[in-house]
Amino acid sequence: MRPLPRSFYLRPARTVARDLLGSYIIRTLPRTTIIGKIVEVEAYLGDRDPASHAFHGRTERNAVMFWRGGHLYVYFTYGMHFCANVVTGEAGVGHAVLIRAVEPVSGIAGMKRRRNGGHKAEDLTNGPAKFCQAFGIARKENGTDLLGNTIRIAAGEPVRPSLIVSATRIGIRLAADKRWRYYIKGNAFVSRLSR
DNA sequence: TAGTTGATCGTCT
DNA sequence: GACGATCAACTAA
């Protein structure tokens with residue numbers, strides 16, 4: 001599967017967020033390939049969005065958010081978890097889309113192993129840190145170019161607009177009223193339902 | 001099922 | 001010196 005082109009990412013974050021639903025994220029490892037279908041995302045709009053890491057400007061941690069669209073911004077939080085974002089827009093903009101949940105498609109045994117086994121399929125990747133753990137995404141993957149061949153995103157079946165739910169974002173205090181979380185209605189791998 | 005809490009540490013006010 | 005774009009385990013009912 002070919003990676004989505006750079007132009008896909010050089011659009012407004014909320015447009016990219018909606019269009020990411022239903023597409024496939026593919027991680028190529030030395031011995032295996034793991035694939036998940038993206039089912040839940042959140043848009044973070046940089047200097048227009050108090051909840052965004054980029055709101056207060058560029059720092060060492062959030063530098064990748066200000067790169068050109070199509071890179072992966074991975075951050076460490078709560079002392080133990082990683083979360084992954086797709087950077088959108090031109091260089092310097094600082095917008096990104098958080099990948100909150102995927103539906104496991106391929107490499108499920110490896111996901112279970114990374115997640116320390118004993119999980120139902122629904123609990124493997126239904127949260128931003130769970131997804132990163134299942135896919136082995138950590139600090140080293142920060143700044144990965146999604147047009148390369150280690151981590152890429154490929155188009156899937158388009159999701160009908162009537163099946164896209166927009167809801168409030170999870171786990172933030174600031175700008176909690178903005179409905180910039182998007183997920184596929186009825187999908188069993190979404191982390192939480194609407195609010 | 002809903003609500004609470006402990007784990008654990010990098011980052012920035 | 002707080003406090004997270006979280007998760008899992010626990011309690012109560």
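What's counted below: heavy atoms across the whole structure, side chains too, no hydrogens, waters or symmetry copies. In the text below, chain A, chain B and the rest are named by the order of the sequence lines, each starting its count at 1.
Each of A:Ile99, A:Thr125, A:Val159, A:Val190 was scored for a side chain to side chain contact (heavy atoms under 4.5 Å, CB included) with A:Val39, with one residue passing: A:Val190.
Atom CG of A:Asp123 is separated from atom C1' of C:dT6 by 14 Å (rounded to the nearest Å). The separation between A:His56 atom NE2 and B:dT13 atom P is 6 Å, rounded to whole Å. Look at CD on A:Glu122: it is 14 Å from P on C:dA8, rounded to the nearest Å. Atom CG of A:Asn116 is separated from atom P of C:dC7 by 14 Å (rounded to the nearest Å). When the P atom of B:dT11 is taken as reference, atom CG of A:Asn142 falls 10 Å away, rounded to whole Å. Atoms CZ (A:Arg173) and P (C:dT6) sit 13 Å apart, rounded to a whole Å. Atoms CZ (A:Arg192) and C1' (B:dA2) sit 12 Å apart, rounded to a whole Å. Nucleotide B:dT11 holds its P atom 21 Å from the CZ atom of A:Phe55, rounded to whole Å.
In this structure, A:Arg115 reaches the sugar-phosphate backbone alone: every heavy-atom distance under 4.0 Å involves primed, P, OP1 or OP2 atoms, never a base. Within 4.0 Å of A:Ala129, counting heavy atoms only, lie sugar-phosphate atoms of the nucleic acid but no base atom. Using a 4.0 Å heavy-atom distance criterion, A:Leu98 is classed as a base contact.
Near-neighbour residues of DNA chain B inside residues 57-85 of chain A, defined by a heavy atom below 4.0 Å, number-ordered: A:Thr59, A:Arg61, A:Phe76, A:Tyr78, A:Gly79, A:Met80.
The phosphate of C:dA5 has neither OP1 nor OP2 within less than 4.0 Å of any side-chain N or O from A:Arg181. For B:dG10, the OP1/OP2 oxygens have no side-chain nitrogen or oxygen of A:Arg139 closer than 4.0 Å. Residue A:His53 places at least one side-chain N or O under 4.0 Å from the OP1 or OP2 atom of C:dA5.
In summary, A:Arg6 and A:Asp145 engage in a salt bridge, as defined by a charged side-chain N under 4.0 Å from a carboxylate O.
The aromatic rings of A:Tyr78 and A:His81 lie perpendicular to each other, with more than 60° between the two planes, well past the 30° mark. Between A:His53 and A:Tyr73, the ring planes are perpendicular. Angles over 60° get that label, and only those under 30° would be called parallel.
If you chain together hydrophobic residues whose side chains sit under 4.5 Å apart, A:Phe189 and A:Val41 fall into the same group. In the hydrophobic clustering of ILVMFWY residues, with side-chain heavy atoms under 4.5 Å counting as a link, A:Ile172 and A:Tyr183 come out apart.
Distance check on atom C1': C:dC3 versus B:dT5 gives 16 Å, rounded to whole Å.
Residues A:Tyr9 and A:His71 form no side-chain contact, since every pair of their non-hydrogen atoms from C-beta on lies 4.5 Å or further apart. Inter-residue side-chain proximity for A:Arg169 and A:Leu98 is flagged as unmet; no heavy-atom pair is nearer than 4.5 Å.
Of the two residues contacting DNA chain C, namely A:Gly171 and A:Lys130, the nearest-nucleotide position lying further toward the 5' end is that of A:Gly171.
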How does DNA chain B look in dot-bracket form if you count Watson-Crick and G-U pairs under 3.5 Å, write [ ] for pairs that cross, and put | where a base pairs with another strand? |||||||.||||.
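Using a 3.5 Å distance cut-off with no hydrogens or angles, the side chains of A:Gln133 and A:Arg115 do pair a donor with an acceptor.
The two atoms that bring A:Ser191 and A:Asn126 nearest to each other are CB-O, 3.1 Å, heavy atoms only.
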